[in-house]
Amino acid sequence: MKTVLISGGAGFIGSHLCDRLLLRTDVQKLVVVDNLWTGLLENIEHIKDPRFHFVKSDVETLQTSDKFDEIYHLASPASPPWYMKEPKRTISANLLGAMRLLDLLKKGGRFGFTSSSEVYGDPLVSPQPESYKGQVDCTGPRSSYDESKRCTESLLFEMQRTQGLDVKVVRPFNIYGPRTRADDGRAVSNFITQALSGRPITVFGDGLQSRSWGYVDDIVDGFARYFWVNQTDYKGPLNVGNDREISVLEVAQYVSRLVGGVPIVFEPSPPQDPTNRRPDLSNANYVMPEWSCKISYEQGVALTLEWFREKMKAEKQSSQLRSAHR
Ligand code: UDP
């Protein structure tokens, strides 16, 4: 039986990973550490499993005498406006967080880390294989996130090389789906919340920049297979994403159509906005040949829109109830 810790387990991706971990019968205890900076208690309030324990704490200062068989380190903001606002805290969560969590790993235990396709920066090759060294500006506005992911990878791969640490590092590409914060600020959730409230959709730049949008269920399924389901001799890191690359403008136009047409407005590009991003999935296909992204972006965006619609309806009803009782 295994004891497992997940940092950032109340976050968008982390909470989905908790749901997967609790399907395992060999997990005896699952501890979530989350400071609720970008995570939300509502993401985990459906979990009633007695094996599940929530600790509200910064990961880098977590106080515990427990040791764990498996640790998955997800604690970090992932949206540019959030990490750009608090760069020091972002670096601390990723890098110092990993250092603290390494102290809590049992000997022979497994350490999983969600790095990011941001390690490729604004890539000059497409698609990006894991061997591509990337194009990141270490003094640029995205660097707190990009470089802390890169440096945490360095820490883990050097521990793998020098001490044989069992390391599993994934590099996800633009994940979206249910449980994204309404105020997250990334493209898909912005477009959907704008469209559902009848506001214009904000496209930054000309919208011709592209991303490979991955629906959360597909991506977390890939994480689970690599982190604990499949045996592999591949040392990592591993790209996990949907390799269908779509422009930002196309996503905006699709969301607009889904709600019967809201206008699209063009706003200035954020600084150093990457022009393209697409995973080379050769290694993913080797490590988990049975895995593939099953949800097209058309389906995934429609599912996410329905989830936001329901959530906004429920929030409106509860605020009406509150004012009726006042
Ligand atoms: N974007 C946009 N409008 C928004 C939010 C984002 O046009 O309201 C663009 C952003 O400039 C980028 C792309 O969508 O080119 C993806 O941005 P996101 O913040 O979702 O993720 P990133 O890949 O930049 O981390």
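All ligand and atom numbering here is 1-based and tracks the order in the structure.
Screening R150, K149, R171, E153 for a side chain to side chain donor-acceptor pair (under 3.5 Å) with S115, the sole residue that qualifies is E153.
Under the 3.5 Å distance criterion, with hydrogens and angles disregarded, a donor-acceptor pair is assigned to the side chains of N283 and E130.
The salt bridge (charged side-chain N to carboxylate O under 4.0 Å, His left out) search around E86 returns R89, not counting sequence neighbours. Not a single side-chain contact (heavy atoms from CB on, under 4.5 Å) links S269 to another residue, sequence neighbours left out. The side-chain contact (heavy atoms from CB on, under 4.5 Å) check on P270 picks up F204, D273, with sequence neighbours excluded.
Under the 6.0 Å distance and 45° angle rule, R24 counts as a cation-pi partner of W228.
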Present, as a list of atom pairs with distances to 0.1 Å, all nitrogen or oxygen contacts under 3.5 Å between ligand 1 and the protein.
{"unit_1": "ligand 1", "atom_1": "3 (N)", "unit_2": "T202", "atom_2": "O", "d": "2.7"}
{"unit_1": "ligand 1", "atom_1": "7 (O)", "unit_2": "F204", "atom_2": "N", "d": "2.7"}
{"unit_1": "ligand 1", "atom_1": "8 (O)", "unit_2": "N190", "atom_2": "ND2", "d": "2.8"}
{"unit_1": "ligand 1", "atom_1": "8 (O)", "unit_2": "T202", "atom_2": "O", "d": "3.3"}
{"unit_1": "ligand 1", "atom_1": "8 (O)", "unit_2": "T202", "atom_2": "OG1", "d": "3.0"}
{"unit_1": "ligand 1", "atom_1": "11 (O)", "unit_2": "D273", "atom_2": "OD2", "d": "2.6"}
{"unit_1": "ligand 1", "atom_1": "15 (O)", "unit_2": "Q209", "atom_2": "NE2", "d": "3.0"}
{"unit_1": "ligand 1", "atom_1": "15 (O)", "unit_2": "R211", "atom_2": "NH2", "d": "3.4"}
{"unit_1": "ligand 1", "atom_1": "15 (O)", "unit_2": "D273", "atom_2": "OD1", "d": "3.1"}
{"unit_1": "ligand 1", "atom_1": "15 (O)", "unit_2": "D273", "atom_2": "OD2", "d": "2.7"}
{"unit_1": "ligand 1", "atom_1": "20 (O)", "unit_2": "A187", "atom_2": "N", "d": "2.8"}
{"unit_1": "ligand 1", "atom_1": "21 (O)", "unit_2": "N174", "atom_2": "ND2", "d": "3.4"}
{"unit_1": "ligand 1", "atom_1": "23 (O)", "unit_2": "N174", "atom_2": "ND2", "d": "2.9"}
{"unit_1": "ligand 1", "atom_1": "23 (O)", "unit_2": "R211", "atom_2": "NE", "d": "2.6"}
{"unit_1": "ligand 1", "atom_1": "24 (O)", "unit_2": "R142", "atom_2": "NH2", "d": "3.0"}
{"unit_1": "ligand 1", "atom_1": "24 (O)", "unit_2": "R211", "atom_2": "NH2", "d": "3.3"}
{"unit_1": "ligand 1", "atom_1": "25 (O)", "unit_2": "R142", "atom_2": "NH2", "d": "3.0"}

